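Nothing here was measured: the structure is a model prediction, and the numbers come from that model. Within every chain, numbering begins at 1; the chains are lettered A, B, ... in the order of the sequence lines, protein sequences first and strands thereafter.
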Number of protein chains: 2
Amino acid sequence: MATVYVKGIILNSYKIGGQVKKKVSARSVAFSHTRSRHANETAEDYVEAVMELIEEFGECRVLDLARYFNVSHVTVSRIVKRLHDEKLLRSRPYKPVELTQEGAKLARRVKERHKIVLAFLIELGVDEANAEIDSEGIEHHVSSKTIDAMKNFLNKKT
Amino acid sequence: MATVYVKGIILNSYKIGGQVKKKVSARSVAFSHTRSRHANETAEDYVEAVMELIEEFGECRVLDLARYFNVSHVTVSRIVKRLHDEKLLRSRPYKPVELTQEGAKLARRVKERHKIVLAFLIELGVDEANAEIDSEGIEHHVSSKTIDAMKNFLNKKT
DNA sequence: CATAAACCGTAGCCATTGCTACATTTATAA
DNA sequence: TTATAAATGTAGCAATGGCTACGGTTTATG
Ligand SMILES: [Mn+2]
Ligand SMILES: [Mn+2]
Ligand SMILES: [Mn+2]
Ligand SMILES: [Mn+2]
């Protein structure tokens with residue numbers, strides 16, 4: 001068993017009967033990234049939703065979020081509490097939910113990114129309905145390099 | 001409170017003081033889709049991994065998967081058990097993991113989709129490292145319409 | 001063959017995000 | 001103002017996917 005580092009990534013080679021049998025795995029980096037991105041996903045969607053609901057209706061209630069995401073108000077309530085602890089949201093019992101400065105900053109970044117992904121998919125030729133669905137998931141998995149490439153594509157097209 | 005159905009989607013309008021204050025929300029469809037896609041993500045990644053490891057090394061052990069995904073062997077073991085129950089994998093104690101017919105079929109679909117997403121990002125101008133990372137997450141959020149659009153883009157470019 | 005190393009399973013912990021059922025608070029309306 | 005409706009909170013359950021610790025099984029090697 002030999003452990004080798006390549007570009008900071010652990011590569012494992014297994015010698016069985018004198019010859020190398022297995023090498024695993026630079027690929028694991030991608031999965032670690034994906035898991036980490038999923039860990040931020042709820043926060044990103046929630047601050048974006050809060051910003052949109054406030055813009056549209058002047059305030060954002062727990063039940064608005066429940067309907068926005070199609071989940072129960074209990075699920076929303078618990079997540080709002082967590083994001084309050086993480087200083088992204090402000091919330092008091094029976095009061096509307098608000099964004100902290102940090103939350104608003106994140107929301108603006110996330111909204112911008114979402115808009116680019118959506119516009120990109122539509123420009124690529126995807127119908128709006130599917131573009132809206134797909135972009136809701138894809139937005140959390142695009143690096144800044146990918147966003148740049150999408151912007152580039154959009155600029156060239158117009 | 002009035003509940004209206006548009007294209008099978010529930011739209012809620014709230015009357016406060018006689019006038020409509022809120023409408024929520026066709027957007028919820030996208031989130032429901034995203035949650036459902038995340039629910040399939042582990043299965044998709046695992047059957048793809050099993051197929052790749054078998055192709056590369058002749059067999060797929062629990063520890064190979066652990067290194068492939070960069071998680072503990074315990075996590076793999078539990079997930080393999082679940083996917084065995086779901087008839088996507090075959091597994092017996094201390095034996096290598098194998099694909100069922102159904103699992104192999106899913107793996108082929110998922111591998112093909114992954115290849116398209118990766119090639120697409122690279123063709124779009126994203127460097128390989130970021131393309132590999134991003135595609136690992138994006139692959140689970142592309143509708144068949146989006147895949148078609150990506151294929152189209154790849155054909156035009158060549 | 002015996003021992004060590006590698007592999008794998010199980011127990012049990014945690015965090016997250018779904019849910020229903022029920023209690024409490026706030027807002028609307030009779 | 002009081003009764004009802006709407007909104008919110010709390011208790012408690014489940015599934016999923018992380019983990020460490022520990023013990024059993026299989027394989028490699030001296
Ligand atoms: Mn999203
Ligand atoms: Mn995702
Ligand atoms: Mn993946
Ligand atoms: Mn994949």
Side-chain angles (χ1 to χ4, degrees), chain A residues 1-3 12-19 21-22 24 28 31-32 34-46 49 53 57 59-86 89 91-97 140, chain B residues 1-3 12-19 21-22 24 28 31-32 34-46 49 53 57 59-86 89 91-97 140:
Chain A
M1 181 248 344
T3 301
N12 290 304
S13 322
Y14 301 93
K15 281 174 285 179
I16 295 184
Q19 66 159 19
K21 197 186 172 199
K22 304 183 179 182
V24 177
S28 71
F31 292 102
S32 298
T34 300
R35 283 193 299 272
S36 146
R37 283 166 172 174
H38 280 152
N40 300 323
E41 178 155 345
T42 305
E44 293 176 354
D45 282 337
Y46 270 64
L53 287 165
F57 305 120
E59 65 171 25
C60 169
R61 315 291 315 208
V62 167
L63 271 181
D64 296 332
L65 288 167
R67 295 195 191 92
Y68 188 97
F69 290 119
N70 189 28
V71 297
S72 75
H73 79 277
V74 183
T75 298
V76 170
S77 193
R78 186 161 11 76
I79 290 173
V80 163
K81 191 175 300 169
R82 175 168 75 78
L83 299 179
H84 173 92
D85 293 345
E86 295 176 9
L89 299 180
S91 67
R92 289 160 315 178
Y94 300 98
K95 296 291 181 204
V97 179
H140 309 280
Chain B
M1 184 249 343
T3 299
N12 290 305
S13 321
Y14 303 93
K15 280 172 285 180
I16 295 185
Q19 69 159 17
K21 197 188 170 197
K22 303 181 179 182
V24 179
S28 72
F31 292 102
S32 298
T34 299
R35 282 193 299 273
S36 145
R37 283 167 173 173
H38 280 153
N40 300 323
E41 177 155 345
T42 304
E44 293 176 354
D45 282 337
Y46 270 64
L53 287 166
F57 305 119
E59 65 172 23
C60 169
R61 313 293 313 208
V62 167
L63 271 181
D64 296 332
L65 289 167
R67 296 197 190 91
Y68 188 97
F69 290 119
N70 189 28
V71 297
S72 76
H73 79 278
V74 184
T75 297
V76 170
S77 194
R78 189 161 7 75
I79 290 172
V80 164
K81 193 176 298 169
R82 176 168 74 76
L83 298 179
H84 174 93
D85 292 345
E86 294 176 8
L89 299 180
S91 67
R92 288 160 317 177
Y94 300 99
K95 295 291 180 202
V97 179
H140 309 279

Worksheet item: To the nearest Å, how far apart are B:E59 CD and C:dC7 P?
Response: 10 Å

Discussion item. As an exercise, state the distance from CZ of A:R78 to NE2 of A:H73, rounded to the nearest 0.5 Å.
Written reply: 11.0 Å

Discussion item. For a quick test of reading the model: is some side-chain N or O of B:S77 closer than 4.0 Å to OP1 or OP2 of C:dG9?
Written reply: yes

Practice prompt. Please work out if A:K81 contacts a base, only the sugar-phosphate, or nothing of the nucleic acid, heavy-atom cut-off 4.0 Å.
Written response: sugar-phosphate

Worksheet entry | Intermediate values then yes/no, side-chain contact (heavy atoms from CB on, under 4.5 Å), A:R35 and B:N70 | CA-CA 10 Å; A:R35 283 193 299 272; B:N70 189 28; 4.0 Å; yes

Item to complete: Round to a whole Å and report the spacing from CZ of A:R61 to C1' of D:dT8.
Response: 8 Å

Worksheet item: Once you round it to whole Å, what is the distance between P of C:dT24 and OH of A:Y94?
Response: 9 Å

Worksheet entry | Point-to-point distance, once rounded to the nearest 0.5 Å, from OG1 of B:T34 to CZ of A:F69 | 10.5 Å

Worksheet item: To the nearest Å, how far apart are A:H84 NE2 and D:dT8 P?
Response: 16 Å

Practice prompt. Using five pairs at either end of the helix from C:dC1-D:dG30 to C:dA30-D:dT1, determine the angle between the two local helix axes and round it to 10 degrees.
Written response: 0°

Discussion item. Measuring from atom OG of B:S72 to atom CG of B:L63, what distance do you get when rounded to the nearest 0.5 angstrom?
Written reply: 10.0 Å

Fill in: Results of salt bridge (Lys or Arg N to Asp or Glu O under 4.0 Å) for B:R82 - residues two or more places apart only
B:E86

Worksheet item: Passes side-chain contact (heavy atoms from CB on, under 4.5 Å), B:H38 versus A:H38? Steps please.
Response: CA-CA 9 Å; B:H38 280 153; A:H38 280 152; 2.9 Å; yes

Worksheet item: Which distance, rounded to the nearest 0.5 Å, do you find between the OH of A:Y46 and the SG of A:C60?
Response: 10.0 Å

Worksheet item: Can you tell me how far the CD1 atom of B:I79 sits from the NE2 atom of B:H84, to the nearest 0.5 Å?
Response: 15.5 Å

Worksheet item: Can you tell me how far OG of A:S77 sits from NZ of A:K81, rounded to the nearest 0.5 angstrom?
Response: 5.5 Å

Discussion item. From CG of B:L63 over to C1' of C:dA5, roughly how many Å is that when rounded to an integer?
Written reply: 12 Å

Worksheet item: For nucleotides 16-22 of chain C, read 5' to 3', which letter fits each nucleotide if B means a protein heavy atom sits under 4.0 Å from the base, S means only the sugar-phosphate is that close, and - means neither?
Response: SBBBBB-

Discussion item. Assuming nearest nucleotide by heavy-atom distance, tell me which of A:P93 and B:R92 is located more 5' along DNA chain C.
Written reply: B:R92

Worksheet item: Can you check the A:D64 CG to D:dT8 C1' distance for me, whole Å?
Response: 12 Å

